[in-house]
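The shown structure was predicted, so the numbers you read here are calculated from the model rather than taken from an experiment. In what follows, chains carry the letters A, B, and so on, assigned in the order in which the sequence lines appear, proteins first and then strands, with residues in each chain numbered from 1.
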Amino acid sequence: MAAPLTVVLIVAVTVRACLFRSSLADLIAERVEVVSPLNAWKRVVEGLALLDLGVSPYSGDVFHETPLIIYLFHFLVDYAEITFMVSSLSSHIVLYCLLLSLIVTSCCLFVDRYLLNPFTVLSCVAKSTCGLNNAIVALFILSTIKKNALLSAIFLALSTYQSIYPVTLCAPAVLYLLQRQYIPVNVRWASFWWFLLQYAFMYLGSLFVIICLSFFLLGSWDYLPSVYGFILSVPDLTPNIGLFWYFFAEMFEHFRLFFLCVFQINVFFYTIPLSIKLKEHPVFLIFMQLAVISIFKSYPTVGDIALYMSFLPVWSHLHRFLRNIFLVSCVLLACSALFPVLWHLWIYSGSANSNFYYAITLLFNVAQILLVSDYFYAFLRREHHLTYGLYLKRKDGSEATLVLK
Amino acid sequence: MGLLSDPNRRRALINLLTRLNAPICAVCYIAGVAWFMGLAFEPFTLRTYMSENAMGSTMVEERFPAGERALATGREFAAHKKRAGGMPVDWLVKTMQSRGLEVFTQKFSRTLPFPDENKERYMVKGTNVYGILRAPRAPRTEALVLTAPCSPGDDNNQAVGLLLGLAQYFRNQIYWAKDIIFLVNEHDLIGMQAWLEGYHHTNTTGIDWSPLQGRGGSIQAALSLELSSDIITSLDLVLEGLNGQLPNLDLANLFYAFCQKIGVTCTIQGKLQRNDWDSVSGYSHAVQTMMLMVMKQASGRPWGDHGLFLRYHIEAATIKGINSFRQYKTDVTTVGRLLEGMYRKLNNLLERLHQSYFFYLMPSLSHFVSIGYYMPAFGLLAVILLLRALDLWVQLATPPVRTEDGIADLEQVTHSPPTIKLIPKETIPEVLSVLTPLVISHLTGAALYFFPIQFQATAVEHFPVSESEAVVLTAIAIYTAGLALPHNTHRYILTPDWRVLKLIAVLYMAVLLGCTALINFSLGFILALTLVPMAAFITPHRPKVLSAFIMVILSPACTLLFLVFFFQDLQEIPVSFEDGWMLFLSVISQGILDHSLYGSLVYPLIALMVYPCWLLFWNILFWK
């Protein structure tokens with residue numbers, strides 16, 4: 001098992017090293033699909049420069065990373081390329097371990113999905129800090145699966161601190177840990193409440209520690225509005241592959257707050273119905289949550305998509321129930337090629353306009369939603385067959401087909 | 001969504017699409033071609049109309065009187081040009097200064113990658129002279145440009161004369177709200193490239209130029225003027241720019257409106273407008289005009305000095321004076337009045353030209369076809385590829401594990417030998433082994449892109465050819481050598497199924513052509529016209545020799561060869577086969593030069609993407 005992993009690692013490092021040295025790196029680092037205002041390396045460098053000058057990095061409207069990241073790069077700025085490579089390698093290894101523990105019949109060919117995924121490569125070469133966030137989320141999932149509640153809570157707190165949205169992952173984590181400790185999800189059980197309290201205490205405690213640590217590092221609370229306010233109120237409408245920018249660019253100012261709530265609620269709201277439906281299957285719930293976050297978050301990049309796509313091989317047993325996988329993969333492929341083309345037409349030649357680009361963004365997101373809902377359907381379908389048997393009969397004995405309506 | 005979730009309806013649809021795949025593809029192809037031919041039919045097109053308010057309703061009066069004096073200046077310019085043996089820089093500077101302009105010069109030099117035999121140049125050195133008329137009416141934040149090339153020989157002297165005459169006349173008017181820049185550029189497009197890069201402080205093509213000493217505001221629009229005789233019979237409008245980019249349609253509308261107002265005969269693609277659209281000859285005239293535009297656009301080269309402005313968001317067109325045997329004669333004063341009118345309207349612009357279309361085809365100067373009307377023609381061709389891909393997918397998934405409803409498949413699986421169950425898992429190694437032909441054909445493409453220029457010196461040493469011949473012949477040699485590939489790649493291919501490769505190749509071609517058609521519709525459409533039928537029906541089971549012959553005929557290089565003949569035919573200068581072949585060679589060398597001089601994307605697109613894609617299908621044909 002180690003040999004293919006080593007080969008994949010070597011190939012991936014070579015590809016990244018070549019791209020870092022080539023002239024393409026600058027081009028990729030400018031692409032709006034790959035970097036967002038939150039995680040662009042250019043902005044991190046700007047923040048570092050401000051920090052070196054003794055000015056608060058948040059004083060302008062350029063830097064929106066968290067204080068821990070900027071202090072991390074304060075020491076590592078000369079080794080940035082290696083840091084990003086290591087972060088993407090480590091998240092790959094973590095995901096690899098994860099897949100090994102999840103898939104009974106391991107299929108080694110699948111696991112190069114994260115590291116050799118072009119989206120990950122682009123994100124890494126652009127030095128988008130999204131790679132670091134992905135590594136933290138991967139570590140969180142691994143520690144959850146390994147039944148380590150403390151580490152799980154700490155990594156969840158870290159990833160929440162990085163970009164708020166992963167907070168919704170606490171539901172699957174708690175469900176999984178409960179399941180492994182044979183505690184039923186029942187409000188009347190004292191041990192249920194006790195565990196919930198424990199986890200909440202660990203989570204909130206580590207979040208509190210991290211936030212206070214940032215405060216003491218920086219000496220001010222500047223970063224709260226500049227990072228979390230920036231994520232939640234979406235003031236930067238630079239086009240990206242998400243759904244926010246076009247709507248909020250077109251919208252009248254007095255509707256802004258209302259629609260902001262509507263848009264942001266999307267990320268958080270699906271947690272409730274999904275956790276009720278999937279409370280027996282927290283790992284699948286994690287996958288669904290990651291996908292929902294990467295589709296509905298305010299500044300999505302291709303790095304986020306790569307994270308949840310790397311989970312697809314875990315569900316290879318669902319493939320026979322998937323219905324639209326061909327359509328969806330064609331659309332995703334075409335959209336990925338059309339993004340740069342329409343960007344070129346809009347920004348450089350000036351002959352197309354933002355509607356062209358947004359149309360592709362919409363299509364891309366519709367394809368992602370179709371993909372996720374297809375997997376969800378396949379999962380439920382499989383559950384149905386596990387309960388009722390593979391060959392469904394009608395009451396009169398004839399063959400029945402399942403229809404989703 | 002009912003269609004996507006109801007298994008019965010899905011199965012019915014997929015059955016229909018797979019069973020009737022070939023007829024549907026044929027119908028789509030015919031419909032696509034018919035749609036495209038229908039675009040030139042006048043009732044299906046829209047009349048051009050002025051969308052920009054600032055240019056529409058405002059009245060301007062044209063009073064330019066000094067045509068004769070402009071011609072005299074032109075003659076003086078010609079004399080000085082002959083004496084200086086090139087651009088008479090000092091005389092131009094003095095003359096522009098005496099007309100009250102701020103005059104600056106820019107020196108540039110460029111060594112071509114290999115000698116250009118059409119224009120006989122290799123190491124190019126030149127000077128651009130330009131004068132700025134500062135706007136008296138407004139803060140000088142915007143500018144308009146009028147250029148005339150200083151061509152070798154006796155060409156374009158009248159254009160320079162008229163440019164200087166207009167400069168003098170404009171200088172005395174008080175209504176200018178935008179700076180007007182009068183530019184005389186040497187070595188046509190190379191000089192233009194140097195000036196534009198200098199003006200915008202960019203350097204994308206590695207040309208050496210001295211920085212500009214004076215600048216106006218941001219340029220809103222530009223016109224390039226080509227006049228070679230004292231009296232003209234008609235004015236021709238050239239729109240096609242670099243990479244098939246077109247200026248905003250309002251610029252064409254403006255030209256047409258003024259030609260109508262002043263009563264000058266105007267043409268597009270050198271073709272007069274006809275009113276008998278309902279007759280066969282009238283329709284074929286419109287088709288010819290549109291086909292000329294399509295082919296010029298597909299070539300991706302700038303067809304006039306305006307072509308390079310477009311990539312800087314500057315709307316630009318070239319106006320060419322033509323002197324033929326028609327009876328309507330127009331003198332230079334009238335042309336001057338026309339230009340005055342156009343500049344006054346452009347002067348009224350409040351924002352950049354953006355109201356009208358950027359994607360259009362023109363079957364005549366008064367009618368146009370917009371993107372919404374012509375894209376379906378391409379869409380019908382592209383859908384063939386998607387249908388084939390769907391068909392292959394269904395075949396590959398037989399027993400149809402993924403595309404169909406889960407139940408039916410499982411039954412088949414249980415009744416069939418256990419090996420079939422593994423098919424979905426085996427597709428993954430198949431996908432990996434398909435990488436071999438993909439990588440090899442792309443390496444061939446990369447060789448086609450890099451080697452001709454890299455190895456021209458070696459080729460010239462060993463063979464009795466000139467540099468530009470060496471480049472072109474190397475390119476053709478590599479192109480032909482690529483045809484021998486299938487015999488080499490086969491050894492490394494482990495996959496038992498050619499359909500995986502074909503599925504990937506078909507999807508690749510669909511995405512490639514789609515992206516090309518968005519940037520340059522004409523190029524995408526012409527490529528689709530030849531490549532799609534080839535891609536749709538190539539399998540290893542066809543008769544080898546015949547299919548190979550058809551594939552070569554439909555390959556990009558042969559398409560180019562046919563287009564050369566077709567283009568000459570449409571321009572009413574038919575050529576013999578030998579001349580056509582020479583023209584074909586020079587077109588290739590021009591394509592390579594355009595890429596390295598101005599950054600045209602057609603050559604790299606063909607070499608790095610289209611040709612490897614075609615090679616994949618060639619591989620499929622010779623699958624063992």
#### Entry: Part of A:L318 within contact of chain B (heavy atom distance under 4.5 Å)
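When you check distances to chain B, no heavy atom of A:L318 falls under 4.5 Å.
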### Query
Can you say whether B:A510 sits under 4.5 Å from chain A via the side chain, the backbone, both, or neither, judging by heavy atoms?
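Interface part for B:A510: neither.
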### Message
So for B:I314, is it side chain, backbone, both, or neither that comes closer than 4.5 Å to the heavy atoms of chain A?
### Response
neither
### Message
Does atom CE (B:M293) have a neighbourhood of more than 12 heavy atoms from anything else shown, all under 6.0 Å?
### Response
yes
Decide yes or no for [X] and [Y]: does some side-chain heavy atom of the first lie under 4.5 Å from some side-chain heavy atom of the second?
X      : Y      : value
A:L345 : B:F359 : yes
A:F326 : B:L396 : no
A:S349 : B:L310 : no
B:L246 : A:S351 : no

### Query
CG/B:N243 to NE2/A:H344 distance, rounded to the nearest 0.5 angstrom?
6.5 Å
### Query
Who among B:Q245, B:H354, B:R311 has the most heavy-atom pairs with chain A under 4.5 Å?
B:Q245
#### Entry: When A:V341, A:L333, A:L342 are compared by non-hydrogen pairs under 4.5 Å with chain B, the top option
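Of A:V341, A:L333, A:L342, A:V341 has the most heavy-atom pairs under 4.5 Å with chain B.
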### Query
How far apart are the closest heavy atoms of B:V511 and A:A334, and which atoms are they?
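Shortest heavy-atom separation between B:V511 and A:A334 comes out as CG2-CA, 4.1 Å.
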